[in-house]
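Every chain is numbered from 1 and lettered A, B, ... according to where its sequence line falls, protein lines coming before strand lines.
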Amino acid sequence: DIQMTQSPASLSASLGETVTIECRASEDIYSNLAWYQQKPGNSPQLLIYDANSLADGVPSRFSGSGSGTQYSLKINSLQSEDVASYFCQQYNNYTFGAGTKLELK
Amino acid sequence: QVQLQQSGAELVKPGSSVKISCKASGYTFTSYDMHWIKQQPGNGLEWIGWIYPGNGNTKYNQKFNGKATLTADKSSSTAYMQLSSLTSEDSAVYFCARDGGYSDFFAYWGQGTLVTVSS
């Protein structure tokens with residue numbers, strides 16, 4: 001199975017700051033990479049698919065990039081509503097990263 | 001709009017089975033894979049398997065072979081997952097999720113069903 005290594009596990013940032021979350025795949029996943037946001041008590045919500053495509057209704061401050069085995073999610077100008085956990089997922093055989101818990105500083 | 005409505009929380013005894021449902025609306029049920037995902041408290045997400053309701057084809061994460069059985073009822077646009085021989089390790093929130101159509105990211109998610117295994 002393809003392993004997804006996500007970092008950092010937790011992150012504390014200030015309002016307005018730019019944050020970046022990384023995911024590394026154990027082999028080339030050919031941009032079959034999605035990012036999800038999950039708030040406590042809720043189901044995950046799709047943010048980014050195909051590594052860099054913004055899902056419908058997602059604010060443009062979210063962006064994804066990467067190729068091969070290295071991918072990242074960037075949040076520009078952090079807002080209070082962005083406090084959540086974030087997961088990457090490769091969809092060749094559906095493994096997820098362990099998640100990043102984003103909090104406000 | 002696409003909606004996936006899951007059945008309510010379950011409290012079940014060790015060794016028993018449970019069947020949870022996911023009723024789909026707002027799209028053609030038979031045209032998209034339905035996936036199931038496990039999330040244990042404080043833990044990450046684990047893919048269980050998918051079913052294609054159009055023909056009943058399934059694929060499972062090897063870890064869940066023999067544990068999970070996926071079915072779908074086209075007449076009611078409802079997908080089901082049965083979990084058998086339950087242990088405390090099966091206590092988790094289970095989500096259904098529909099794929100994106102042309103690609104296998106999870107575009108829409110149900111609200112989750114909490115399964116608690118306890119005597």
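If you measure heavy-atom distances from B/F95 to chain A, the contacts under 4.5 Å come from the side chain alone. Within the 4.5 angstrom heavy-atom criterion, only side-chain atoms of A/Q38, from C-beta onward, approach chain B. Of the two parts of A/N93, only the backbone, made up of N, CA, C and O, holds a non-hydrogen atom closer than 4.5 Å to a non-hydrogen atom of chain B. With a 4.5 Å cut-off on non-hydrogen atoms, A/Y94 touches chain B through its backbone and its side chain both.
Side-chain rings of B/Y32 and B/Y27 approach one another, their centers coming within less than 6.0 Å.
Using a 4.0 Å cut-off between charged side-chain N and carboxylate O, A/R61 and A/D82 make a salt bridge. Ion pairing of B/K63 with B/E46 is present here, as a side-chain N (NZ or NE/NH1/NH2) and a carboxylate O approach within less than 4.0 Å.
A donor-acceptor pair is defined here as one N or O able to donate and one able to accept, closer than 3.5 Å; no such pair exists between the side chain of A/D50 and the backbone of A/N52.
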